[in-house]
Structures are given as C-alpha cells and as structure tokens.
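I have placed the structure first, in the form of structure tokens, so that the comments after it can refer back to it.
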Amino acid sequence: EVQLQASGGGLVQAGGSLRLSCAASGFTFDDYTIGWFRQAPGKEREGVSAIRISDGTTVYADSVKGRFTISSDNAKNTIYLQMNGLKPEDTAEYYCAAGEYVGLASGGWRWGYGMEYWGKGTLVTVSS
C-alpha cells in the first residue's frame, strides 16, 4: 500500500520557519519524483517544489524561491521542505505527492501532472 504521510505543520509568525516532512512507503522511492503542493481556502492547489530522487534535481515555484528548500533523505524514504521567511500568504494545507514520470522542465508538475499518489495534508498557518 502506497503511503505519503506529511507532518510538521503548525502556527508560526510571519518571518518564522517550519520544516515539513513527507514519509513515503509502498513504492520504489529512488524511481520517483516527489513534490510539495499547497491549497489555501478558496484557491486552487499549486505546486510549491519538487525533487527527482534519482538525481536530486529540484524545482520551485517563483513565489517560494530563495525561502523554501526541498531535500531528501533516501535512507529514510523521506523528503523535507524547509520553509524560511514565512509570509501570511503561505498559509495553506500542504500535501506531498509522488509520480514516476514527472516532467520538471516543462512546469506542468506545478499542476500535478504526472503525480500518481497523493498524501493527506498538514496545515501551515502564518500569522501577521
């Protein structure tokens, strides 16, 4: 059974930091691209960042570049999203998703193209 378990959300003041974790199981971790997505109330889901596990290629949405860092611990089948300089507009439910064939260069990953498995979210709330 495939599982993607996100954790690490919480309430933080603007300018603060959080680190999200996504623990994966039930598939061959090294063959997949794993991404972080978020959805704020009343807004569409958007891709935040993704990492191709096989070669460590990473991509970011423009809105988080320079503030968020995605990484993986292949021994633990876990990816992380270090979020610094948080802003109120970062408030959202954050999800992780995985796909074996995800094109990172085209930008389609931001809309979830290629993602096969989705986990439940973890809520991030940034107060002003």
Side-chain angles (χ1 to χ4, degrees):
E1 179 187 4
V2 172
Q3 289 192 341
L4 292 165
Q5 183 63 54
S7 61
L11 174 62
V12 64
Q13 288 188 332
S17 298
L18 282 174
R19 189 177 80 155
L20 305 183
S21 300
C22 173
S25 61
F27 59 92
T28 305
F29 188 76
D30 291 2
D31 291 345
Y32 277 68
T33 294
I34 302 180
W36 284 102
F37 296 79
R38 67 186 181 186
Q39 187 165 21
K43 294 189 177 181
E44 292 187 355
R45 185 185 64 204
E46 63 171 345
V48 174
S49 182
I51 182 168
R52 185 161 56 213
I53 302 300
S54 61
D55 64 6
T57 298
T58 59
V59 290
Y60 297 91
D62 287 344
S63 59
V64 306
K65 280 180 182 176
R67 299 189 298 124
F68 291 9
T69 303
I70 192 170
S71 62
S72 69
D73 184 335
N74 294 7
K76 295 182 178 179
N77 282 12
T78 299
I79 67 163
Y80 303 97
L81 186 68
Q82 179 66 43
M83 306 186 296
N84 299 328
L86 282 161
K87 304 175 181 181
E89 51 263 44
D90 294 318
T91 294
E93 190 86 9
Y94 283 71
Y95 304 84
C96 52
E100 191 169 5
Y101 305 106
V102 178
L104 296 182
S106 65
W109 67 272
R110 292 204 60 204
W111 313 117
Y113 295 164
M115 295 298 178
E116 302 168 52
Y117 307 115
W118 294 81
K120 294 183 180 180
T122 185
L123 181 62
V124 172
T125 304
V126 184
S127 63
S128 58

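Distance OG1/T78 to CG/L20: 12.5 Å, rounded to 0.5 Å. S128 OG to E89 CD: the interatomic distance, rounded to the nearest 0.5 Å, is 10.0 Å. Interatomic distance, Y117 OH to C96 SG, rounded to the nearest 0.5 Å: 14.0 Å. Separating the CD atom in Q13 from the CG atom in L11 is a distance of 8.0 Å, to the nearest 0.5 Å.
More than 12 non-hydrogen atoms from other residues, nucleotides or ligands lie less than 6.0 angstrom from CD of E116.
Side-chain contact check for F68 versus L18: every heavy-atom pair is 4.5 Å or farther apart. By the 4.5 Å heavy-atom criterion applied to side chains, R67 and M83 are not counted as neighbours. Proximity of F29 to I79: side-chain heavy atoms (C-beta onward) are separated by under 4.5 Å at one or more points. E100 places none of its side-chain heavy atoms less than 4.5 Å from the side chain of F27. Annotation: side chain of I70 is not in contact with side chain of I34 (no heavy-atom distance under 4.5 Å).
For the pair G114 and V102, the tightest heavy-atom approach, listed with the atom from each and the gap, is O-CG2, 3.7 Å. Annotation for Y94 and V48: closest pair CE2-CG2, 4.2 Å, computed over non-hydrogen atoms. Looking at every heavy atom in both residues, L4 comes nearest to A97 through CD1-CA, 3.8 Å. Closest heavy-atom contact between R38 and V64: NH1-CG1, 4.1 Å. A pairwise comparison of heavy atoms in T33 and A50 identifies CG2-CB, 4.2 Å as the closest pair. Summarising the geometry of S21 relative to W36, their closest heavy-atom pair is O-CH2, 3.4 Å, with the distance given to 0.1 Å.
Looking only at atom types and distance, the side chain of D30 has no donor-acceptor partner in the side chain of S54 under 3.5 Å away.
Listed by chain and residue number, nothing satisfies the ring pair (Phe, Tyr, Trp, His ring centres under 6.0 Å) test with Y95 (two or more places apart in sequence, or in another chain). Looking at residues two or more places apart in sequence or on another chain, you find no side chain to side chain donor-acceptor pair (under 3.5 Å) involving R19.
Formation of a donor-acceptor pair under 3.5 Å by the T91 side chain with backbone atoms of V126 is found in this model.
With I53 as the fixed residue, the side chain to side chain contact (heavy atoms under 4.5 Å, CB included) test singles out one of I51, T57, D55: I51.
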inquiry  = Using the rule given for ring pair (Phe, Tyr, Trp, His ring centres under 6.0 Å), can you reason through W118 versus F37, listing the C-alpha separation, both sets of side-chain angles and the distance that settles it, and then say yes or no?
reply    = CA-CA 10 Å; W118 294 81; F37 296 79; 4.8 Å; yes
task = Take Q5 and K120 through the side-chain contact (heavy atoms from CB on, under 4.5 Å) test and state the conclusion after the steps.
result = CA-CA 7 Å; Q5 183 63 54; K120 294 183 180 180; 5.5 Å; no
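Under the 4.5 Å side-chain heavy-atom criterion for Ile, Leu, Val, Met, Phe, Trp and Tyr, L104 and M115 are members of the same hydrophobic cluster. Note: the hydrophobic cluster containing Y60 also contains L86 (ILVMFWY, side chain heavy atoms under 4.5 Å, direct or indirect links).
Screening residues 32-78 for disulfide bond (SG atoms under 2.5 Å apart), with sequence neighbours left out, gives no hits.
Taking 4.0 Å as the cut-off between side-chain N and carboxylate O, D90 and K87 do not count as a salt-bridged pair.
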